[in-house]
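A, B, ... follow the sequence lines: proteins, then strands. Residue 1 opens every chain.
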Number of protein chains: 2
Amino acid sequence: MARIPTTHDPFNAVAEPKRRQLLEALGATERTVTSLVALLGWPQPMVSKHLAVLKKVGLVSERRAGRQRLYRAHLDKLKPIFDWVVPLERYWTESFERLDEVLERIQKQEK
Amino acid sequence: MARIPTTHDPFNAVAEPKRRQLLEALGATERTVTSLVALLGWPQPMVSKHLAVLKKVGLVSERRAGRQRLYRAHLDKLKPIFDWVVPLERYWTESFERLDEVLERIQKQEK
DNA sequence: TTGACACATTCCCATATTGGTATATAAATA
DNA sequence: TATTTATATACCAATATGGGAATGTGTCAA
């Protein structure tokens, strides 16, 4: 077997930083491929190919309008990532630090 | 170029579900490889190899004790993922739904 | 010192991926 | 109809992965 395909789930799809950028560039607005090319400064096939990956995972959808295609982000598809990582935050949050570390910092501040 | 190495950052390291399981299995407790093998039921080399990836990204650290190695998770290294995904939650949260959708649901409830 | 134990590492294979370049497709326009 | 515009797709190269099986390494024990 090999590595899990990028189109398998949101985790793998957004592991590529360019695809995160793409989602950010889309934000809440529908955009044309050309507009994304202009915005990001990438070669057009690169934009199309990354969009294709995002589309397979459902992170974007496409609507045709004449010769253009309008892409829209569906960020709710990131929920699995959200749901996985958020509960783990408590492990690095101050409220769960070891008591002695907290006390040590308080002492420093008192000096 | 090829795909970004799994050891490049937490996003790529954690895109593999087995590595997420491993982190969950570790949780807040230090564990031995053998203990993880028993807990997860995977072949030992598989556990070791996935741990090696997590270690390169800093998501786990290793401590030697006799012939065993004790692994501990460092979940704070997930912060980049947390910081990226959490601000995007607002896009699928009810408070940001389109007004007409909200109204439509309210009407249904009134029936 | 030899063996058993805990774990890491190597080798092999099949498979995807990324970027770049070139080309195909479809729609609008002259 | 011929051409241009907007976008997708095919092809190529280099690289890395993950699983399985085998083997290496270091440490404790008899």
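Which of dT15(D), dT17(D), dA8(C) sits closest to the side chain of Pro5(B) comes down to dT17(D).
Contacts with DNA chain D (heavy atom under 4.0 Å) in residues 55-70 of chain A: Arg67(A), Gln68(A), Arg69(A), listed by number.
Residue pairs satisfying the salt bridge (Lys or Arg N to Asp or Glu O under 4.0 Å) criterion with at least one member in residues 1-22 of chain B, sequence neighbours excluded, are absent. For residues 6-55 of chain B, no residue pair satisfies the ring pair (Phe, Tyr, Trp, His ring centres under 6.0 Å) rule, not counting sequence neighbours. Here salt bridge (Lys or Arg N to Asp or Glu O under 4.0 Å) pairs that include residues 31-48 of chain B, with residues two or more places apart or in two chains, number zero.
For the pair Ile4(A) and Thr32(A), nearest-nucleotide mapping onto DNA chain D gives the more 5' position to Thr32(A).
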Identify each donor-acceptor pair in which a side-chain atom of residues 72-83 of chain B lies under 3.5 Å from a protein atom, sequence neighbours left out, and give them as a table.
residue, atom, partner, partner atom, Å
His74(B), NE2, Ser61(B), OG, 2.7
Lys79(B), NZ, Asp83(B), OD2, 2.8

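Summarising the geometry, atom OH belonging to Tyr91(A) is positioned 11.0 Å from atom CG belonging to Leu23(B); distances are rounded to the nearest 0.5 Å.
Rounded to an integer number of Å, the gap from NE2 of His8(A) to P of dG18(D) is 14 Å. The interatomic distance linking Asn12(A) (CG) with dA16(D) (C1') rounds to 14 Å, in whole Å. Distance Arg3(A) CZ to dA14(C) C1': 16 Å, rounded to the nearest Å. One atom, CG of Leu54(A), and another, P of dT18(C), lie 10 Å apart when rounded to the nearest Å.
Contact annotation: Arg19(A) side-chain N/O to dT18(C) OP1/OP2 distance is under 4.0 Å. Between dA6(C) and Tyr71(B), no contact under 4.0 Å exists linking OP1 or OP2 to a side-chain N or O.
Ala25(B) meets the side chain to side chain contact (heavy atoms under 4.5 Å, CB included) test with Leu36(B), Leu39(B), Leu40(B); sequence neighbours excluded. The side chain to side chain contact (heavy atoms under 4.5 Å, CB included) search around Arg69(A) returns Glu62(A), Arg64(A), Tyr71(A), not counting sequence neighbours. Scored by the side chain to side chain contact (heavy atoms under 4.5 Å, CB included) test, Thr32(A) finds Thr34(A), Ser35(A), Gln68(A), Leu70(A) as partners (sequence neighbours excluded). The side chain to side chain donor-acceptor pair (under 3.5 Å) test applied to Gln21(A) returns no partner, not counting sequence neighbours. Remark: Glu89(A) engages no residue in a side chain to side chain donor-acceptor pair (under 3.5 Å) (not counting sequence neighbours).
Rounded to 10°, the helix from dG19(C)-dC12(D) to dA30(C)-dT1(D) has 20° between the axis fitted to its first five pairs and the one fitted to its last five.
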Once each nucleotide of nucleotides 19-25 of chain C is scored for protein heavy atoms under 4.0 Å, what B/S/- sequence comes out, 5' to 3'? BBBB---
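Exactly one residue among Thr7(A), Leu22(A), Thr6(A) makes a side-chain contact (heavy atoms from CB on, under 4.5 Å) with Leu54(A). That residue is Leu22(A).
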